[in-house]
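Every chain is numbered from 1 and lettered A, B, ... according to where its sequence line falls, protein lines coming before strand lines.
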There are 2 protein chains.
Amino acid sequence: MVIALNAGTLLSMGSRVQGARERARIEIVAAIKAEARRQLASDGAAKLSLRAVARELGMVSSALYRYFPSRDDLLTALITDAYDAVGEAAEQATAGSGGAADSPPARWLAVCRAVRAWALEHPHEYALIYGSPVPGYAAPQSTTVAASRGALVMFGIAQDAYDSGALREPTRGSAAPDALARDMAEIIERLDIRLPAPLVVELVAAWSELFGLISSELFGQFNRVVTERDAFFGHAVARLADQVGLGGGSAVLPGE
Amino acid sequence: MVIALNAGTLLSMGSRVQGARERARIEIVAAIKAEARRQLASDGAAKLSLRAVARELGMVSSALYRYFPSRDDLLTALITDAYDAVGEAAEQATAGSGGAADSPPARWLAVCRAVRAWALEHPHEYALIYGSPVPGYAAPQSTTVAASRGALVMFGIAQDAYDSGALREPTRGSAAPDALARDMAEIIERLDIRLPAPLVVELVAAWSELFGLISSELFGQFNRVVTERDAFFGHAVARLADQVGLGGGSAVLPGE
DNA sequence: CCAAAGCAAGAGCACTGCTCTCGAAGTTGG
DNA sequence: CCAACTTCGAGAGCAGTGCTCTTGCTTTGG
């Protein structure tokens, strides 16, 4: 005896699911993604097989195409999820253990460590988003919002430090070239932050370099070169913090 | 009428090729690699197909297995070649235009630009070596020698600067943790350089971060974020130079 | 209650990496 | 010079892949 709910009501209620059909659909989509993630973790993106996923789920391969029109679409879904996961890891790192009360350098370090930890735990998912993009495949627009989540955390830390005056101007070396002003203005507006453009340049560079450090470790560039990875990463990341004006001078970093 | 040459003589003469058979073999191997590189450039590593390579070369697919026992072996060969290519690009950047006579910061910048330029010209080959490793595949020991070629160039620049006293000690921020001393000693010995361990830590970090910058640009992380890529890269790399003690203070960088 | 839409299943196409066998070439020692 | 030996190319074949199309069945909604 279900009370009549027309489509309009449902739409206005947002996330409420109507029939058993749709309920089954989102469950199946979730099951497919879960199984795909499992195979991704064990064999890597290149060996992710639609047929194998279907087989494991007890369905025939062609049925899977009702939920994901192609293999790349499945991968895109996983990519978006991965961006969300690393973004959430970063956010939780600032929220936890004192959270915003901690000093900006400590939060910076915590976020970097959290991102690295996530990457080490989910190497193939990390490779999916920060490694080489699959075949000729270009990440669709939809992923960009999820992608900026992590960066936003870093920018938030810098914003707090800047607002409280704890940020040293990063004027060492040559200043940021004027050509970048337009790009930075765009970023500042889109992320709704209030920071000077030169600082944003440093932040973007630091964010990018952070993934250089993580990728190098994860993709084997440090094999037989760096064995004390925790110590190396901690030091390098502290230097990145210094580069953007955090943690220099009097502030004492919780060192290795 | 061929003068008798036994195996010993040939071995002692090194690269001399004997029969038409071996001559043909190295030619065919080269042709296979060339065609594979062509397909790599157009379709990416994941779509590199042994059958397609063979087809294009007018041979049957099974014949190809006489030269490369598996697809991964072909990829390994391409990886080694790619490491060599980027290493050579880096070396030529220091050799050309004044070469060692140029100031260390200028050479540093030139090398970074050369590596980036090579990456932009050969994105798929770059992805092969600095992107996510293919499937579950671990790069064999043989690639490590070629891999260190590029890093060696950077270390050489730092060495020259250090020897001539032009290097500022990079003591800003926290010092490198002691745990890294062992790793750095190993690097110093293997690369036959004479630099203090803390400096080597900074160099390794900078080398790693350099590939973060390049990978971010190449793998789409800068899409709709940074459009003035030359300017951004130049600035970020100059800051990396500063980080390792090059180019700070009085030296004037040929800025953007 | 019945048409419409969503769905699973199967067959099938073109492709892949890789193995095995079988003759034809090339190489080498007597 | 020729017989034994090795290397090679070609073909067939296996197991797997992404993806499409058709055929019925079930759920849904007017």
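- Taking atom CD of B:E22 as the reference point, atom P of C:dT27 lies 9 Å away to the nearest angstrom.
- Side-chain proximity of A:A52 to the nucleotides D:dT17, C:dC7, C:dA9 is greatest for D:dT17.
- Residue contacts for B:Y67: at a heavy-atom cut-off of 4.0 Å it reaches the sugar-phosphate backbone alone, with no base atom in range.
- B:L50 has its CG atom 16 Å from the P atom of C:dC15, to the nearest Å.
- The pair B:E35-B:R38 meets the salt-bridge criterion, with a side-chain N (NZ, NE, NH1 or NH2) lying under 4.0 Å from an Asp/Glu carboxylate O.
- Between A:L64 atom CG and D:dT20 atom P there is a gap of 13 Å when expressed in whole angstrom units.
- The interatomic distance linking A:E27 (CD) with C:dG6 (C1') rounds to 17 Å, in whole Å.
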**Asked** Does the salt bridge (charged side-chain N to carboxylate O under 4.0 Å, His left out) test come out yes or no for B:D183 and A:R229, once each step is laid out?
**Response** CA-CA 10 Å; B:D183 284 345; A:R229 276 115 195 241; over 6 Å; no
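- Between C:dG17, D:dT17, D:dC19, one nucleotide has an atom nearer to the side chain of B:R71 than all others, and that is C:dG17.
- When heavy atoms are screened at a 4.0 angstrom cut-off, A:S49 is found touching the sugar-phosphate backbone but no base atom.
- Following rounding to the nearest Å, A:K47 (NZ) and D:dG16 (P) show an atom-to-atom distance of 13 Å.
- The nearest heavy atom of DNA chain C to B:R21 and to B:R51 marks one nucleotide each, and the one closer to the 5' end goes with B:R51.
- Residue B:R182 places its CZ atom among 12 or fewer non-hydrogen atoms of other residues, nucleotides or ligands, all under 6.0 Å distant.
- No hydrogens or angles were tested; on distance alone, nothing pairs the side chain of A:R25 with the base of C:dG6 as donor and acceptor under 3.5 Å.
- Using a 3.5 Å distance cut-off with no hydrogens or angles, the side chains of B:S70 and B:D73 do pair a donor with an acceptor.
- Residue-level contact check: A:L57 touches neither bases nor backbone, having no heavy atom under 4.0 Å from any strand.
- In this structure, B:R71 contributes its side chain and B:L48 its backbone to a donor-acceptor pair below 3.5 Å.
- Spacing between atom CZ of A:F68 and atom P of C:dC7 amounts to 13 Å, rounded to whole angstrom units.
- Listed pair B:R23 / C:dT27 fails the phosphate criterion, with no side-chain N or O lying under 4.0 Å from OP1 or OP2.
- Each of C:dA8, D:dT20, D:dG9 was ranked by its minimum atom distance to the side chain of B:R66; first place goes to D:dG9.
- Atoms CD1 (B:I28) and C1' (D:dT7) sit 11 Å apart, rounded to a whole Å.
- If you check C:dT19, C:dA8, C:dG17 against the side chain of B:S62, the one that comes closest is C:dT19.
- We find that CE of A:M59 is positioned 11 Å from P of C:dC7, with the value rounded to whole Å.
- Distances were taken from every side-chain heavy atom of A:R55 (C-beta onward) to each of D:dG9, D:dC19, D:dT17; the shortest belongs to D:dT17.
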